[in-house]
Amino acid sequence: MTRLLSLAIVSLMFSMPLALACDYPQRIEIPNGATASKDEMIAGQRAVKDYMASMDAYLACIDKEEKDTLASMTDITEEEREVRAAALIKKHNAAVEEMETVAARFNEEVRAYKANSE
């Protein structure tokens, strides 16, 4: 019964109107360090910085959205609150993992660029 209730809550949470929806930033193209020019690598660095800033804004938005949603809910059980918190943590962690992946990929391409430029 508890599992069914949890699934129902999560389903309801994701089917809520998207009026307050936070836009997940689109993944960027990272230049190939082995073939990119200096200007392409600099543009790639700017794109990564902009992407990271957009992801930071997304994280702040989902946190605020959840806080606002919880504040507007008058009849929420502790179990519902825990399910919502777990879903928020998953969204947050997935976004941070994506940011780490993009940064690592860009750093790999920077190393390839430097190796190719020497």
Side-chain angles (χ1 to χ4, degrees):
M1 182 66 175
T2 302
R3 181 180 165 103
L4 183 59
L5 178 60
S6 296
L7 289 173
I9 293 168
V10 171
S11 296
L12 178 63
M13 188 171 76
F14 289 112
S15 65
M16 292 172 126
L18 298 178
L20 300 176
C22 302
D23 292 329
Y24 192 91
Q26 186 173 8
R27 188 179 241 192
I28 58 170
E29 291 293 321
I30 295 177
N32 180 338
T35 59
S37 69
K38 181 179 180 180
D39 289 340
E40 290 171 326
M41 291 303 292
I42 291 171
Q45 181 184 33
R46 285 188 194 117
V48 168
K49 285 181 180 180
D50 290 345
Y51 176 77
M52 295 300 175
S54 295
M55 287 296 276
D56 285 337
Y58 167 78
L59 290 170
C61 180
I62 63 172
D63 289 341
K64 181 181 182 330
E65 183 179 76
E66 182 62 11
K67 181 180 175 184
D68 292 348
T69 300
L70 285 174
S72 71
M73 298 176 85
T74 56
D75 251 0
I76 185 169
T77 66
E78 189 57 36
E79 184 177 4
E80 291 170 326
R81 193 176 296 276
E82 289 173 8
V83 168
R84 292 186 67 87
L88 178 63
I89 289 168
K90 284 182 182 181
K91 286 170 73 173
H92 183 90
N93 288 349
V96 170
E97 186 176 319
E98 177 71 14
M99 292 169 74
E100 291 170 350
T101 298
V102 167
R105 285 193 55 235
F106 182 71
N107 288 335
E108 287 173 18
E109 296 305 331
V110 168
R111 286 190 290 277
Y113 173 78
K114 287 180 179 180
N116 195 39
S117 298
E118 294 176 352

**Request:** Measure the spacing between CD of Gln45 and OH of Tyr113 and express it to the nearest 0.5 Å.
**Result:** 11.5 Å
**Request:** First locate atom NZ of Lys90, then atom NE2 of His92, and finally report the distance between them rounded to the nearest 0.5 Å.
**Result:** 15.0 Å
**Asked** Between CE of Met41 and CD1 of Ile30, what distance do you get to the nearest 0.5 Å?
**Response** 9.0 Å
**Prompt:** With side chains defined as the heavy atoms from C-beta onward, is the minimum distance between Met55 and Val102 less than 4.5 Å?
**Reply:** no
**Request:** State the CZ-CD1 distance between Arg46 and Ile28, to the nearest 0.5 angstrom.
**Result:** 13.0 Å
**Message:** Once side chain to side chain donor-acceptor pair (under 3.5 Å) is applied, do any residues pair with Arg27, and if so which ones, sequence neighbours excluded?
**Reply:** Glu98
**Message:** For Lys114, give me all partners under side chain to side chain donor-acceptor pair (under 3.5 Å), at least two apart in sequence or on another chain.
**Reply:** none
**Prompt:** Given the rule in the side-chain contact (heavy atoms from CB on, under 4.5 Å) test, do Met73 and Glu80 qualify, once you have shown the distances and angles that lead to the verdict?
**Reply:** CA-CA 11 Å; Met73 298 176 85; Glu80 291 170 326; 5.5 Å; no
**Fill in**
Here the gap from Glu66 atom CD to Leu70 atom CG, rounded to the nearest 0.5 Å, amounts to 4.0 Å
**Prompt:** Can Val96 be reached from Phe106 by stepping across I, L, V, M, F, W or Y side chains whose heavy atoms are under 4.5 Å apart?
**Reply:** yes
**Fill in**
In short, Ala95 meets Tyr58 closest at the heavy-atom pair CB-CE2, 4.0 Å
**Fill in**
Value for CG (Leu88) from CG (Asn93), rounded to nearest 0.5 Å, stands at 9.0 Å
**Asked** How far apart are the C-alpha atoms of Glu40 and Thr35, what are their side-chain angles, what is the distance that settles it, and do they pass the side-chain contact (heavy atoms from CB on, under 4.5 Å) test?
**Response** CA-CA 10 Å; Glu40 290 171 326; Thr35 59; over 6 Å; no
